[in-house]
Amino acid sequence: MAVFTEACTQILRPLQTLYNAINSSGKIPSNFKIARVIMLHKKNSKQDMGNYRPISMENHISKIWERALNARLMTHLNRNNRLTRHQHGFRPKR
């Protein structure tokens with residue numbers, strides 16, 4: 001992700017065009033839907049599957065899109081009071 005941060009000014013317009021096309025058409029590219037899962041060994045015996053945790057390796061461009069979409073959605077829901085105070089999972093400062 002650091003590469004995208006460094007190249008932000010050069011890739012901003014193409015990503016903006018891509019994300020707007022996805023949002024307006026509703027068609028999510030197939031490579032945005034694919035993730036490679038690897039198992040990372042935590043500790044103890046490598047023979048016991050309970051000693052591993054899964055790591056999802058996703059497309060970085062789709063991660064950026066998901067974060068931007070989530071931020072816009074949460075802003076809309078908060079601004080229009082669509083979430084109750086009881087809905088606190090995965091919400092900052094709750």
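Because the structure is a prediction, the values reported are computed rather than measured.
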When hydrophobic residues are tied together by side-chain contacts of less than 4.5 Å, even through go-betweens, does Ile22 share a cluster with Leu73? no
Between the OH atom in Tyr19 and the OG atom in Ser24, the distance rounded to the nearest 0.5 Å is 14.5 Å
With a cut-off of 6.0 Å (strictly less than), are more than 12 heavy atoms of other residues, nucleotides or ligands near NZ of Lys43? no
Is a side-chain N or O of Asn51 found less than 3.5 angstrom from the main chain of Ser45, in a donor-acceptor match? yes
Exam field: side chain Asn80 to backbone Arg82, donor-acceptor pair closer than 3.5 Å: no
Single-linkage hydrophobic cluster Met57~Leu40, side-chain heavy atoms < 4.5 angstrom: yes
Mind checking whether Ile34 and Ile64 sit in one hydrophobic cluster, side chains of I, L, V, M, F, W, Y counted as touching below 4.5 Å? no
Here the pair of heavy atoms bringing Met39 nearest to Tyr52 is CE-CB, 3.8 Å
Glu6 side chain to Val3 backbone, donor-acceptor under 3.5 Å: no
Starting from the C-alpha separation in whole Å, work towards a yes-or-no answer on side chain to side chain contact (heavy atoms under 4.5 Å, CB included) for Arg36 and Glu58. CA-CA 7 Å; Arg36 188 175 64 133; Glu58 299 177 36; over 6 Å; no
Do Leu18 and Trp65 sit in one hydrophobic cluster, given that two such residues count as connected whenever their side-chain heavy atoms are within less than 4.5 Å of each other, even indirectly? yes
Rounded to the nearest 0.5 Å, what's the gap from NZ on Lys63 to OG on Ser56? Could you check? 7.0 Å
Between the CD1 atom in Ile61 and the CG atom in Asn31, the distance rounded to the nearest 0.5 Å is 8.0 Å
Let me check something: do Ile28 and Leu15 share a hydrophobic cluster, defined by ILVMFWY side-chain heavy atoms less than 4.5 Å apart, either directly or through other members? yes
